[in-house]
Every structure is written in structure tokens, then in C-alpha cells.
J.: 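I'd like to ask you about the structure that follows.
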There are 2 protein chains.
Amino acid sequence: MELAEAKSKFIEAWGKLGSEWGINRTMAQVHALLLTSPVAMTTEEIMEALSISRGNANMTLRDLIGWGLIEKQHKAGERKEYFFAEKDTWTIARQVAQERKKRELDPILKVLNELSSVKGDEKDPEYKTFKTSITSINKLAGNVNKTLETMLKAEENWFWGSIFKIFK
Amino acid sequence: MELAEAKSKFIEAWGKLGSEWGINRTMAQVHALLLTSPVAMTTEEIMEALSISRGNANMTLRDLIGWGLIEKQHKAGERKEYFFAEKDTWTIARQVAQERKKRELDPILKVLNELSSVKGDEKDPEYKTFKTSITSINKLAGNVNKTLETMLKAEENWFWGSIFKIFK
DNA sequence: TTAAACTTTCAAAACTTATTGAAAGTTTTT
DNA sequence: AAAAACTTTCAATAAGTTTTGAAAGTTTAA
């Protein structure tokens with residue numbers, strides 16, 4: 001397989017994975033493009049490479065910066081902005097985890113905590129089932145939350161090292 | 001807060017979380033409904049409770065069965081099919097992880113492995129960057145895969161116990 | 001065998017989300 | 001101060017996804 005072909009396969013696969021996990025396909029593709037580019041790229045070049053519009057490129061780039069996955073670079077004597085991707089995979093994983101935790105896990109934890117405190121008649125099967133389910137989901141969500149928080153602080157080697165010592 | 005209100009808040013929140021993670025909103029809502037229901041419900045009752053059409057209810061129920069999250073129940077002397085949800089949270093988490101691993105992680109691992117073996121000129125920065133990125137993502141994906149496989153086999157207490165001993 | 005009870009299918013419609021591109025905005029250069 | 005180089009915005013539109021509901025299919029009962 002040629003490098004160019006491999007690269008476009010990767011961009012496609014990354015985009016697909018992104019969209020299956022609720023991340024905009026274009027965003028994942030731009031990220032893949034920059035990840036595999038040895039040099040920083042301009043908006044124009046990115047538009048060209050992925051055949052997307054200026055507006056789309058601009059919004060996507062801003063979002064990626066918001067997620068902490070890419071950065072702007074200014075070249076001396078040039079007006080254009082160049083973009084490049086953070087290349088360390090562990091950092092990428094952490095940034096994504098952090099962003100999604102903030103946007104999705106935190107709000108649901110809030111709701112679950114509220115719902116855990118609903119009072120009712122212990123004899124009522126409706127109430128008992130509700131209570132039991134919520135409590136148990138709440139516990140799991142709390143554990144996921146704790147795990148993520150630790151992961152967000154963790155250094156790569158320490159993290160994987162520890163996990164795989166147990167998981168063998 | 002009243003039980004009925006709490007229940008509908010939960011259904012809504014669960015649906016929202018689902019849709020943010022690429023799971024059909026209705027599917028997550030039906031799941032939430034059955035999770036918090038003390039008794040098995042018929043298609044008719046589910047349609048009624050969530051104001052959804054027969055077709056939608058039927059497809060969603062089949063999908064949930066496909067994910068191993070709910071089961072059919074036949075009551076003696078009745079023609080109707082009743083549905084109820086697996087209530088153990090740990091099992092739910094495992095089923096979801098398993099399904100998504102199969103559908104999404106496995107295919108991307110296959111692509112990454114293919115792409116890892118692309119050969120090229122070590123002096124070419126294009127090639128070197130591509131190679132480095134793919135290899136490092138491949139390594140992370142492999143680790144995620146290993147972790148999931150272990151998790152899929154794990155018993156609840158053992159799993160969380162071990163994780164949180166380290167994560168403290 | 002016919003009818004009733006129930007389930008499944010699927011094309012069309014509704015809804016949601018992503019993308020375009022032209023116009024407006026900003027900054028730098030001349 | 002005007003033009004050029006570049007970035008941002010956003011209403012319109014396109015693309016993708018979900019939902020509907022009526023018709024077809026299946027199973028059981030009479």
C-alpha cells in the first residue's frame with residue numbers, strides 16, 4: 001500500500017470512529033490529517049486536502065483547539081495561521097476524556113444524585129425498583145468518574161503500568 | 001420530587017446521554033423505562049408510556065435484545081410478549097462495552113494493524129510522522145482492547161476492587 | 001378455515017445535525 | 001486611508017438519522 005493511500009484510509013477510519021462515538025466526522029478527520037502531517041498546515045491546505053468548505057474548516061479548527069487537540073502556530077513574516085496536532089497519544093486520550101467528562105458525565109452525575117434522594121414508600125414496588133436502579137447506576141457512574149479523574153492526573157507509564165500489572 | 005417526575009427525568013437524562021454517545025435516544029429511553037419498571041411491559045404499554053409509534057417500539061425492542069440489555073418474557077395463557085431489563089448495572093456496562101468493542105474497536109484495530117505495516121523511506125518526514133502516529137495509536141488501541149477483554153471476563157467485585165485499590 | 005390477536009416491515013415524512021459560501025469582520029501592508 | 005490578506009459568522013441548504021403508520025406477515029383460537 002502506498003503512503004498516500006494509507007493516510008487517506010486512516011483519515012477515513014478515524015472519521016468513522018469519531019462519528020460512531022458522537023464526535024463530528026469532519027473534526028475527527030481534520031485531527032487525523034494533522035496527526036499524520038509532519039508540518040503545520042494552513043486552513044487553505046486543510047480545505048484542499050479534505051475537500052471541505054472554508055466555513056466548515058474554520059469551525060472545525062476552532063473546535064479542535066477547544067478540545068485541546070490542536071494548536072495554532074505563527075510563522076515569522078507570514079499572516080496565515082498554521083495548525084498542528086498534539087502528537088502524544090496518551091495526551092490525546094486524556095484531553096478527549098476530560099472534555100467528554102465535563103460535557104456529559106458531570107451533568108448526568110448531578111441528575112443521578114438528585115434522583116437518588118427522592119423519598120417514597122419502601123413497600124411500593126415502583127419506588128423500590130426505581131430506587132434500586134438509580135442507586136446502582138449512581139454507584140457505577142461514581143466509579144467511572146473516580147477512574148477518569150485519576151486517569152486525568154495520571155502519567156502515562158504509571159497509569160498503564162499499574163493497570164496491566166493487575167490485568168496481566 | 002414525585003416518583004413519576006423522577007422517573008421521567010431519569011428517562012430523559014438517560015436518553016440524552018445515549019444520544020451523546022452514539023446510541024439511539026429512544027433505545028436508551030426504553031431501556032431506562034424498563035430498568036425502573038418493577039414488572040415486565042408489553043409493546044403497547046411502552047408505546048403509551050413514551051408516546052412512540054408501534055414500528056419504533058418494535059425496532060427498538062429488537063435492538064435492545066440484540067445488545068443483550070432486555071429480554072422477552074412469556075406469560076402463561078397470554079399471547080402478548082412482555083419485556084424486562086437486566087437490572088444488574090455491572091452486567092449492563094459489560095454488555096454495552098462488548099457490543100461496542102465488537103462493532104467499533106475491532107474494525108479500527110484491523111485497519112490500524114494493516115496501516116502499521118506500510119513500508120516507506122525512513123528519511124521521508126511524511127512517512128516517519130505517519131508511522132510514528134499510527135504506531136502509537138495502535139499501541140493505545142491495543143491497550144484499550146486488552147483492558148476491555150479483561151473487563152468483559154471480570155467479576156464485578158474483583159474488577160472494581162482491584163482498580164480502586166490502586167486508584168484510591 | 002376464518003377470524004382475531006399480535007408482530008414485523010419499510011417507504012415516506014419529520015427531525016436533527018453538518019456543511020456551504022457569500023458577506024461581514026479584522027488585521028496588516030502600502 | 002485604502003487595499004490586500006486573511007478569519008469569522010450565519011442563514012440557507014444538504015445530508016444523515018430517526019420515527020411514523022399503514023400494510024403485510026404470523027401465530028393462535030374458535
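Lettering of chains follows the sequences in order, A, B, ..., and the numbering in each one begins at 1. Because the structure is a prediction, the values reported are computed rather than measured.
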J.: Roughly how many Å is it from CZ in A:R25 to C1' in D:dA14, rounded to a whole number?
T.: 13 Å

J.: Between C:dA5 atom C1' and B:H74 atom NE2, what is the distance in whole Å?
T.: 14 Å

J.: Between CD of A:E71 and CG of A:L69, what distance do you get to the nearest 0.5 Å?
T.: 10.5 Å

J.: Working to the nearest 0.5 Å, report the span between CG of B:L34 and CD1 of B:I70.
T.: 5.5 Å

J.: Looking at A:K101 and A:E149, is there a salt bridge between them, counting it only when a charged N and a carboxylate O are closer than 4.0 Å?
T.: yes

J.: Rounded to the nearest Å, what distance is computed from the NZ atom of residue A:K80 to the C1' atom of nucleotide C:dT29?
T.: 15 Å

J.: Does B:T26 make a side-chain N or O approach to OP1 or OP2 of D:dT19 shorter than 4.0 Å?
T.: yes

J.: Would you indicate what A:E81 reaches in the nucleic acid, counting non-hydrogen atoms under 4.0 angstrom: base, sugar-phosphate, or nothing?
T.: sugar-phosphate

J.: Tell me which residues in residues 50-66 of chain A put a heavy atom below 4.0 Å from DNA chain D, sorted by number, or none.
T.: A:R54, A:G55, A:N58, A:R62

J.: With DNA chain C as reference, determine whether B:K72 or A:I23 sits nearer its 5' end, using the nearest nucleotide of each.
T.: B:K72

J.: Does B:K102 pair with B:E99 as a salt bridge, N-O distance under 4.0 Å?
T.: yes

J.: Calculate the interatomic distance between B:E45 atom CD and C:dC6 atom C1'; express it in whole Å.
T.: 14 Å

J.: Are there any protein N/O atoms within less than 3.5 Å of an N/O atom in nucleotides 24-28 of chain C, and if so, which ones and at what distance?
T.:
residue : atom : partner : partner atom : Å
C:dT27  : O2   : A:R79   : NH2          : 3.1

J.: Which residue, A:Y82 or A:S19, contacts DNA chain D at a nucleotide closer to its 5' end, judged by nearest heavy atom?
T.: A:Y82

J.: Any donor and acceptor pair, going by atom type alone, linking the side chain of B:E2 with main-chain N or O of B:A4 inside 3.5 Å?
T.: no

J.: Test the B:R100-A:W21 pair against the cation-pi criterion, namely NZ or CZ under 6.0 angstrom from the six-membered ring centroid and within 45° of the ring axis.
T.: yes

J.: Does the Lys NZ or Arg CZ of B:K75 fall within the cation-pi geometry relative to B:Y82 - under 6.0 Å from the ring centre and within 45° of the axis?
T.: yes

J.: If you count every heavy atom of other residues, nucleotides or ligands that lies below 6.0 Å from B:K87 atom NZ, does the total exceed 12?
T.: yes

